[in-house]
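Here is the structure we will look at, set down as C-alpha cells.
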2 protein chains.
Amino acid sequence: MINSDFALGLHSILLLAADKDACLTSSTLSSMLKVHPVRIRKVLSKMKNAGYIESKEGAGGGFFISCNIEKVTLKDIYTLTHDDLMKAKCHSCCPSCKIGVNIEKVLDIILSDADEKFQDYLEDYSLQKVLDKMQQM
Amino acid sequence: MINSDFALGLHSILLLAADKDACLTSSTLSSMLKVHPVRIRKVLSKMKNAGYIESKEGAGGGFFISCNIEKVTLKDIYTLTHDDLMKAKCHSCCPSCKIGVNIEKVLDIILSDADEKFQDYLEDYSLQKVLDKMQQM
DNA sequence: TTAAGTGTTACAAATATTGTTACAGTTAAT
DNA sequence: ATTAACTGTAACAATATTTGTAACACTTAA
C-alpha cells in the first residue's frame with residue numbers, strides 16, 4: 001500500500017505545485033526533504049512519465065509542474081507509487097490445510113475492495129485541494 | 001497499514017475459527033504457515049490479549065478460538081496488527097520549506113480519514129463471513 | 001518425573017530500503 | 001568549443017527492518 005515513495009513523491013510534487021513557475025533541482029529538493037538526490041530523481045521520473053511534471057536537463061535545469069493541479073489527485077500519486085497490497089506478504093499455506101487453498105483468493109478479493117474504498121477517498125483530494133487545506137491551517 | 005502480521009494473524013485465527021474444538025500448537029501452525037513458531041506465538045499473544053483466542057500451556061496445550069466469530073471482524077484483526085500509517089515514513093521538511101510546516105499535519109488528517117474508509121470496509125467482514133466466502137469458492 | 005507445550009528475551013540472519021558512486025547525455029553560459 | 005550544472009540510470013554499499021533462532025523459565029498432562 002502506501003510506502004515512503006508515496007510520501008516523497010507527493011511532498012515533491014506539492015513543492016512544485018505550490019509555485020507553477022518554480023524549477024527545482026533534485027539537489028534542492030534533496031536538501032529540503034533530506035533524501036538523496038538520486039532517489040528523488042527516481043521517484044520524480046515516475047511522475048514525469050505520467051505527465052504530471054516535466055524535467056529539464058542541463059545547466060539551469062530541474063523539475064517543474066506540468067499538469068492541472070485541480071485534476072491530479074492523491075489517488076493518481078498513489079497509483080504511481082503504491083506497492084501491491086499483500087502479494088508478497090501473504091503466507092502460502094500447505095496443501096493439507098483446507099483453508100489455505102482459498103484463503104489467498106478470498107483475502108485478495110476483500111483487501112482489493114477495501115483498497116478501492118481507500119483510493120476512492122484519495123481521489124477526492126486534488127493537489128490544489130491539499131494546498132488549500134494547508135493554507136487554512 | 002497492513003503488514004505481514006495481519007496476514008499471519010488472520011490466517012492463524014481463521015484456522016482456529018474453522019474448527020471451534022481444535023487446539024493447535026504454534027508448531028503445528030508453523031508447519032502449515034511456514035513461519036517460525038516463536039513468531040506465531042508473538043502474533044497470537046496479541047489475539048489472546050484481545051480475547052479472541054485462548055492458549056493452554058503445557059503438554060496437550062495450544063491455541064483455540066474463544067470469541068464469537070460472527071462478531072469479530074477483519075477490522076479487529078487489523079487494529080491489533082497494523083502499523084502506523086506513515087508516522088515513521090513521512091519526511092520531515094526543513095523550516096525554510098513553507099509547505100513542509102503543514103504538510104505532515106494535512107497528510108496525517110487525509111490519510112487517517114482514508115484509512116477509516118478502509119477499516120469501515122473491513123468491519124463488514126466477520127471471521128464467519130470470511131469462512132463462508134471461502135466455502136463458496 | 002518427564003515430555004510437550006506457552007511466554008519472553010536477546011541475538012543472528014536474511015531481506016528490503018535507502019544512500020552512494022560513477023558515468024553518459026543534455027543544456028546554458030561564457 | 002569548453003565548462004559547469006543539470007538529468008537518467010545502473011551497479012553497488014550501507015543501513016534499517018523483518019524474520020528466524022536459541023535459550024530458558026514456567027505450566028500441564030500423562
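A note on names: the letters A, B, ... follow the listed sequences, proteins ahead of strands, and every chain is numbered from 1. In this text, all values refer to a predicted model and were calculated from it rather than measured experimentally.
With salt bridges taken as basic N to acidic carboxylate O contacts below 4.0 Å, one links A/Lys46 and A/Asp5.
Taking atom CG of residue B/Leu8 and atom P of nucleotide D/dT18, one finds them 14 Å apart after rounding to whole Å. Here D/dT19 presents its P atom at 17 Å from CG of B/Leu29, a figure rounded to the nearest Å. Distance B/Asn3 CG to C/dT15 P: 19 Å, rounded to the nearest Å. Whole-Å rounding puts the B/Ile2 CD1 to D/dT18 C1' distance at 17 Å. For the pair A/Ile40 CD1 and C/dT17 C1', the interatomic distance rounds to 15 Å; values are reported in whole Å. Distance, B/Lys48 NZ to C/dG5 P: 16 Å, rounded to whole Å. Straight-line distance from the CG atom of B/Asn49 to the C1' atom of C/dG7: 11 Å, rounded to whole Å. Separating the CG atom of A/Asp83 from the C1' atom of C/dT17 is a distance of 11 Å, rounded to the nearest angstrom.
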With sugar-phosphate taken as primed atoms, P, OP1 and OP2 and all else as base, the protein-contact string of nucleotides 20-30 of chain D at under 4.0 Å (heavy atoms; B, S, -) is SBB---BBBS-
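Residues A/Leu131 and B/Leu111 share a hydrophobic cluster, clusters being chains of Ile/Leu/Val/Met/Phe/Trp/Tyr side chains in contact below 4.5 Å.
Rounded to 10 degrees, the angle separating the terminal axes of the helix from C/dT1-D/dA30 to C/dT30-D/dA1 is 10°, with each axis obtained from five end pairs.
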task = Might you work through the side-chain hydrogen bond (donor to acceptor under 3.5 Å, both in side chains) test for B/Ser4 and B/Arg39, ending with a clear yes or no?
result = CA-CA 11 Å; B/Ser4 63; B/Arg39 211 188 135 205; 3.1 Å; yes
Original post:
Checking side-chain hydrogen bond (donor to acceptor under 3.5 Å, both in side chains) for the pair B/Gln119/B/Asp115: CA distance, chi angles, key distance, verdict?
Top reply: CA-CA 6 Å; B/Gln119 291 189 44; B/Asp115 188 50; 2.8 Å; yes
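As judged by a 4.0 angstrom heavy-atom cut-off over every strand, A/Ser27 is placed among residues making no nucleic acid contact.
Atom CG of A/Leu74 sits about 9.5 Å away from atom CG of A/Asp124, to the nearest 0.5 Å.
The only member of A/Leu10, A/Leu15, A/Leu14, A/Leu8 that meets side-chain contact (heavy atoms from CB on, under 4.5 Å) when paired with A/Ser12 is A/Leu8. A side-chain contact (heavy atoms from CB on, under 4.5 Å) with A/Phe63 is found for exactly one of A/Leu24, A/Leu16, A/Thr28, namely A/Leu16.
Between B/Thr25 and C/dA4, a side-chain N or O to OP1/OP2 separation shorter than 4.0 Å is absent. Taking side-chain N and O atoms only, A/Ser26 has a distance below 4.0 Å to OP1 or OP2 of D/dT7.
A cation-pi arrangement is found for A/Lys129 relative to A/Tyr125, the charged atom lying closer than 6.0 Å to the ring centre and inside a 45° cone about the ring normal.
Between A/Thr73 and A/Leu122, the shortest heavy-atom distance links the atoms CB-O, 4.0 Å.
Distance from the side chain of A/Ser4 is smallest for C/dT18 among the nucleotides C/dG7, C/dT18, D/dT18.
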